[in-house]
Amino acid sequence: MIHMPVLALLDRLLAEPVAGLGGPARALLVTVYPVVLTALVLALSLAAHRGLTALGARRLFDLPRRRAHSNPEGETMPRIDAPALPARTQVEEAARVLSGRVVRTPVLHSPAIDRLACARILLKAENLQDGGSYKMRGAMLAVGRLAAAGHTGVVAQSTGNHAVAVALAARRHGLAATVVLPVDAAPVKVDRARAAGARVVRAGTTVEERLAVARRIAEVEGHPLVDAYDHPDVVAGQGSASLELIEEAARRGTPLDALVVPVGGGGGIAGACLAAAGTPIEVYGVEPVGCDSLARSLAAGRPTPVAPAPSLADGLRPGCVGDLPFAVARTAVRGVVRVDDDAIVEAFRLLLLDLKVLVEPSGAAGLAGALRLGEVAGPGGGAVTAAGPGDVGGTPWPSGGGRRRTVGVVLTGGNVEADLVARLAGDRMTAGVAA
């Protein structure tokens, strides 16, 4: 933007004096003139850039921004005009890059849960991941590449887990981190982000409020924004959890027929779709009742925001599925099931009492969805069409060629408040799991 007028000005100032020279001086200057002119253009252009940004004109150098649209309640949501879709190869590459840098979390199994689900359920325990959630995968990949590119800091916004992950990833790579969280964010997630060394900024309760603040901070500080949903590295990194689950199931001789992932902004389920691409595995999303942007988006054929209803699953309430995740998932997701808080609490208790695994409600939502789909399929083993207001299309539990169906569930996180654990467990701590 700057160098062309600078070049024209220098040429006008220097061309006539240079033309007036003669003899050896002219021959020498003709030789060094291009180098001298290039150096002057670069120096003056960089100085002009620094001066303009210092005066607050950074917007002159911004890339095109996201277009916005509004929901019926008037809240503006981010849009991306033409997402660059990642592929399965990028998830495989992410898994290679992240090997040894994140925890390869265990895959858990419970016969009691199998009986309730009418299927073999394999649970990927990402609640045991660094930072307490699978968000660490996408954050490590994205932040690592930004650090390698020479950036000295990053900015992120989320309801909690992505912010914690970005803070931890930034600390590992020696970068500064600023994270924007809602004013009603879970205290445990705020504390974990601060403990990781991030500067925490609280802003509103909606994704648009957080994005506006995060973008202003990114502009002022000159640090890139690591988007929680619409960043290809984040999607690919999240997908590595599903890829590990698929590989482990195959290694055990029980290849997956289906994969169930909770949905907030959609990065996790988009990654799962990519990890399952080229296989017969069917991918299902799970959303809390009233926080069903993906379900509504699939029905409408475009990203559709919602005014999030109250839900125990605070990590699944972003308001709108990301454009990039939707572009990946729209043709790859077999169906979406909605679950209410009662179903999430039952799944939470099953995991706590039977497997002694502590997950947050957002993480338990995946098992709640798998159990509901199992109820629809029934114990007879035949695949039936999911019915009722909770599902968008889909056929639960493919037949698996006559063998017992195997379903993978990603337990996405475990950052949960101690008082919430006590409240959710309630007086059923001694009730046990159905025999």
Side-chain angles (χ1 to χ4, degrees), residues 105 117 121-129 132-138 158-162 165 186 189 228-229 234-235 238-239 241-242 245 258-273 275-276 282-298 306 308-309 311-322 325-326 328-329 333-348 350-351 357-374 390-392 394 407-416 424:
T105 53
I121 303 293
L122 299 181
L123 301 150
K124 180 68 167 168
E126 284 293 297
N127 56 306
L128 303 178
Q129 184 58 256
S133 82
Y134 78 152
K135 297 287 188 177
M136 191 65 185
R137 296 172 177 271
S158 81
T159 56
N161 282 338
H162 177 70
K189 296 177 181 179
Y229 318 123
V234 170
V235 170
Q238 256 72 301
S242 293
L245 177 52
L259 184 56
V260 179
V261 183
V263 180
I269 197 164
C273 290
E282 298 187 343
V283 180
Y284 293 85
V286 181
E287 294 181 300
V289 171
C291 306
D292 52 351
S293 176
L294 179 59
R296 298 190 190 193
S297 299
L298 291 174
V306 298
S311 173
L312 288 171
D314 64 290
L316 307 182
R317 301 180 64 248
C320 188
V321 65
F326 177 75
V328 172
V333 170
R334 182 63 180 268
V336 179
V337 58
R338 301 176 181 91
V339 293
D340 59 21
D341 279 356
D342 288 343
I344 292 173
V345 171
E346 287 305 310
F348 171 90
L350 272 173
L351 292 165
V357 169
L358 180 62
V359 298
E360 59 188 278
S362 298
L367 177 58
L371 292 173
R372 182 172 179 205
L373 286 170
D391 304 300
V392 177
V407 180
V409 177
V410 181
L411 303 177
T412 50
N415 292 319
V416 58
L424 296 185

Side-chain heavy atoms of Leu316 within contact of Cys291, under 4.5 Å: no
Which pair of heavy atoms, one from Ala276 and one from Val283, lies closest together, and at what distance? CB-CG2, 3.9 Å
What are the two closest non-hydrogen atoms of Ala258 and Tyr284, and how far apart are they? CB-CE1, 4.0 Å
For Glu287, which residues count as a side-chain hydrogen bond (donor to acceptor under 3.5 Å, both in side chains) partner, sequence neighbours excluded? none
Within the structure provided, determine whether Ile269 and Pro325 are in side-chain contact (heavy-atom separation under 4.5 Å). no
As a test of understanding, state which of Lys135, Arg137, Gln238 forms a side-chain hydrogen bond (donor to acceptor under 3.5 Å, both in side chains) with Glu126. Arg137
Side chain Ser293, main chain Val321, donor-acceptor under 3.5 Å: yes
Which heavy-atom pair separates Gly285 from Val263 by the least distance, and what is that distance? CA-CG2, 3.7 Å
Just by distance, do the side chain of Lys124 and the backbone of Ser242 share a donor-acceptor pair under 3.5 Å? no
Pair Glu346, Leu371 - check side-chain contact (heavy atoms from CB on, under 4.5 Å), show working. CA-CA 10 Å; Glu346 287 305 310; Leu371 292 173; over 6 Å; no
Any non-hydrogen side-chain atom of Val333 less than 4.5 Å from a side-chain atom of Cys273? yes
Test side-chain contact (heavy atoms from CB on, under 4.5 Å) on Asp292 and Val336; report intermediate values, then the result. CA-CA 9 Å; Asp292 52 351; Val336 179; over 6 Å; no
Nearest 0.5 Å please: distance from the OG atom of Ser133 over to the CG atom of Leu128. 11.5 Å
How far apart are the closest heavy atoms of Ala370 and Val409, and which atoms are they? CB-CG2, 3.8 Å
Taking all heavy atoms of Val345 and all of Leu312, pick out the closest pair and write down the distance. CG2-CD1, 3.5 Å
Nearest 0.5 Å please: distance from the CG atom of Leu358 over to the CG atom of Leu411. 11.0 Å
Could you pull out all residues at least two apart from Asp314 that satisfy salt bridge (charged side-chain N to carboxylate O under 4.0 Å, His left out)? Lys189
Go through Asn161 and Glu360 one step at a time and tell me if the side-chain contact (heavy atoms from CB on, under 4.5 Å) criterion holds. CA-CA 11 Å; Asn161 282 338; Glu360 59 188 278; 3.0 Å; yes
Is there a donor-acceptor contact under 3.5 Å from the side chain of Arg372 to the main chain of Arg338? yes
Ala364: which residues meet the side-chain contact (heavy atoms from CB on, under 4.5 Å) condition with it, sequence neighbours left out? Ile344, Ala347, Phe348, Leu351, Val359
For Pro361 and Leu424, work out which heavy atoms get closest and say how close. CG-CD1, 4.0 Å
